[in-house]
Protein chains: 2
Amino acid sequence: MKTTRNTTAKTAVLEIFEKSTTALSHTEIYKELHDVCDRVTIYRILDRLINDDIVHKISNLDGTVKYAKCNHSHQKVHIHNHAHFSCENCNEITCLENVKPSYIMPHNYKVNEINFTLSGICPKCLNSNI
Amino acid sequence: MKTTRNTTAKTAVLEIFEKSTTALSHTEIYKELHDVCDRVTIYRILDRLINDDIVHKISNLDGTVKYAKCNHSHQKVHIHNHAHFSCENCNEITCLENVKPSYIMPHNYKVNEINFTLSGICPKCLNSNI
DNA sequence: ATATATTTGCAACAATATTGCATTAATAAA
DNA sequence: TTTATTAATGCAATATTGTTGCAAATATAT
Ligand SMILES: [Mn+2]
Ligand SMILES: [Mn+2]
Ligand SMILES: [Zn+2]
Ligand SMILES: [Zn+2]
């Protein structure tokens with residue numbers, strides 16, 4: 001099997017996720033790491049982290065794609081069934097690990113993954129708007 | 001106020017949505033309309049239709065963005081609270097107008113819109129795989 | 001220290017989306 | 001119907017995001 005290695009760039013990416021309370025885009029990550037490694041390297045690191053179930057990908061209504069570190073510990077079956085919140089004001093995306101939608105599907109669909117993103121105004125922006 | 005006009009291109013785009021049972025990407029729409037108008041025009045028409053609550057945008061985890069005509073009639077408050085299904089096999093995206101997730105949000109979030117996309121295998125692909 | 005396979009940088013490419021500006025065309029007013 | 005107004009369009013240029021091939025660098029096991 002193909003083993004995954006711990007490199008300087010990968011460690012740096014993980015540290016950035018650790019520090020951040022919100023999901024990050026490739027561009028945002030690269031801004032912090034343009035001295036450490038190439039653009040392409042970050043794409044490849046993110047791919048690996050997703051493959052290893054360490055990071056998950058979130059796509060926003062406006063088409064932007066962000067990444068966040070998984071906070072839930074690794075269960076046997078790793079599913080990202082929690083919601084994300086996307087603030088229309090500050091554009092930050094936050095994992096809502098405790099918000100899990102319930103729903104009833106029609107027959108004959110095989111669901112592998114769900115992507116549940118709510119958008120609106122986040123608490124931070126609501127407060128500063130008083 | 002800025003009024004919106006009915007043009008040949010806009011009518012053509014709407015007709016394509018009318019015919020289609022699935023959501024369509026900009027590229028798919030342009031393939032049918034490359035004799036009618038420019039690429040850019042289609043982007044602008046889609047923007048207007050979204051603004052007028054006639055079309056809604058669906059962005060997929062793989063980065064693809066699709067559009068679908070709203071089938072629910074215009075209520076006072078127009079919310080796209082239905083789910084979408086994205087087939088991993090044929091890549092078609094279908095509106096599931098009857099699937100509406102229920103969920104409990106933490107306080108202090110103002111939710112304006114939701115994006116609930118499930119991915120997996122659609123009925124058509126499940127059947128042809130027997 | 002050496003071997004091996006993963007990871008990286010770089011450059012090139014591809015796909016998707018946006019912008020400015022002159023021209024065209026839809027709609028309202030005369 | 002003709003004219004005036006302004007939204008909509010075409011086109012070319014530019015921006016943004018993501019992918020690929022390949023040689024060189026580096027992490028890990030032996
Ligand atoms: Mn997760
Ligand atoms: Mn709708
Ligand atoms: Zn905010
Ligand atoms: Zn399918």
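Naming: A, B, ... by sequence-line order, numbering from 1 per chain.
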Fill in the blank from the handout: In whole angstroms, the gap separating C1' of D:dC11 from CD1 of B:Ile42 amounts to 15 Å
Exercise for the section: If you link ILVMFWY side chains whenever their heavy atoms are less than 4.5 Å apart, which other residues fall into the same cluster as B:Ile93? By chain and number, please. Expected result: B:Ile58
Handout entry: Selection residues 15-52 of chain B - residue pairs positive for ring pair (Phe, Tyr, Trp, His ring centres under 6.0 Å), sequence neighbours left out
Key = B:His26-B:Tyr43
Handout entry: Hydrophobic cluster (4.5 angstrom, side-chain heavy atoms) - remaining members for B:Tyr109
Key = A:Phe85, A:Leu96, A:Val99, A:Tyr103, A:Met105, A:Tyr109, A:Val111, A:Ile114, A:Phe116, A:Leu118, B:Phe85, B:Leu96, B:Val99, B:Tyr103, B:Met105, B:Val111, B:Ile114, B:Phe116, B:Leu118
Problem - Partner residues of A:Asp62 under the side-chain contact (heavy atoms from CB on, under 4.5 Å) criterion, sequence neighbours left out - result: A:Asn60, A:Thr64
Practice task
Take atom CG of A:Leu46 and atom C1' of C:dT8, then tell me their distance rounded to the nearest Å.
Solution key: 15 Å
Problem - Partners passing side-chain contact (heavy atoms from CB on, under 4.5 Å) against A:Leu61 (at least two apart in sequence or in another chain) - result: A:Ser119, B:Glu113, B:Asn115
Exercise for the section: Return the value, rounded to whole Å, for the distance between atom CZ of B:Arg44 and atom P of D:dA7. Expected result: 14 Å
Fill in the blank from the handout: Atom CG of A:Leu49 and atom P of C:dT7 are separated, to the nearest Å, by 10 Å
Handout entry: Phosphate OP1/OP2 of D:dG10 contacted by B:Thr41 side-chain N/O (<4.0 Å)
Key = yes
Fill in the blank from the handout: Quick note, B:Arg48 side chain, CB onward, closest among D:dA8, C:dT18, C:dC21 is D:dA8
Practice task
Just grab all the salt bridge (Lys or Arg N to Asp or Glu O under 4.0 Å) pairs involving residues 80-95 of chain A, residues at least two apart or on different chains.
Solution key: A:Glu92-A:Lys124
Practice task
Quickly work out the A:Asp38 CG to D:dG18 C1' distance and round it to whole Å.
Solution key: 13 Å
Problem - side-chain contact (heavy atoms from CB on, under 4.5 Å) partners of A:Thr11, counting only residues at least two apart - result: A:Glu15
Exercise for the section: Under the side-chain contact (heavy atoms from CB on, under 4.5 Å) rule, collect the residues that match up with A:Asn108, sequence neighbours excluded. Expected result: B:Pro123
Completion exercise
With five pairs defining each end axis, the helix from C:dA1-D:dT30 to C:dA30-D:dT1 comes out bent, to 10°, by 40°
Exercise for the section: Specify the separation, in whole Å, of atom CG of B:Leu33 and atom C1' of D:dT9. Expected result: 14 Å
Handout entry: For B:Lys66, all residues meeting side chain to side chain donor-acceptor pair (under 3.5 Å), sequence neighbours excluded
Key = none
Fill in the blank from the handout: Of A:Ile45 and B:Val40, the one whose closest nucleotide on DNA chain C sits nearer the 5' end is A:Ile45
Exercise for the section: Take atom NZ of A:Lys66 and atom P of D:dG18, then tell me their distance rounded to the nearest Å. Expected result: 12 Å
Handout entry: Separation of C:dT6 P from A:Asn51 CG (nearest whole Å)
Key = 14 Å
Please produce a list of atom pairs where a protein N or O lies less than 3.5 Å from an N or O of nucleotides 14-17 of chain D.
| residue | atom | partner | partner atom | Å |
| --- | --- | --- | --- | --- |
| D:dT17 | OP2 | A:Thr27 | OG1 | 3.3 |

Practice task
Treat primed atoms plus P, OP1 and OP2 as sugar-phosphate and everything else as base, then score nucleotides 24-30 of chain C 5' to 3': B for base contact with protein heavy atoms under 4.0 Å, S for sugar-phosphate contact only, - for none.
Solution key: -BBS---
Exercise for the section: Looking only at non-hydrogen atoms, find the nearest pair between A:Ile16 and A:Ile29 and report the distance. Expected result: CD1-O, 4.2 Å
Problem - Test item: A:Asp38 side-chain N/O and A:Val40 main-chain N/O as donor-acceptor pair under 3.5 Å - result: yes
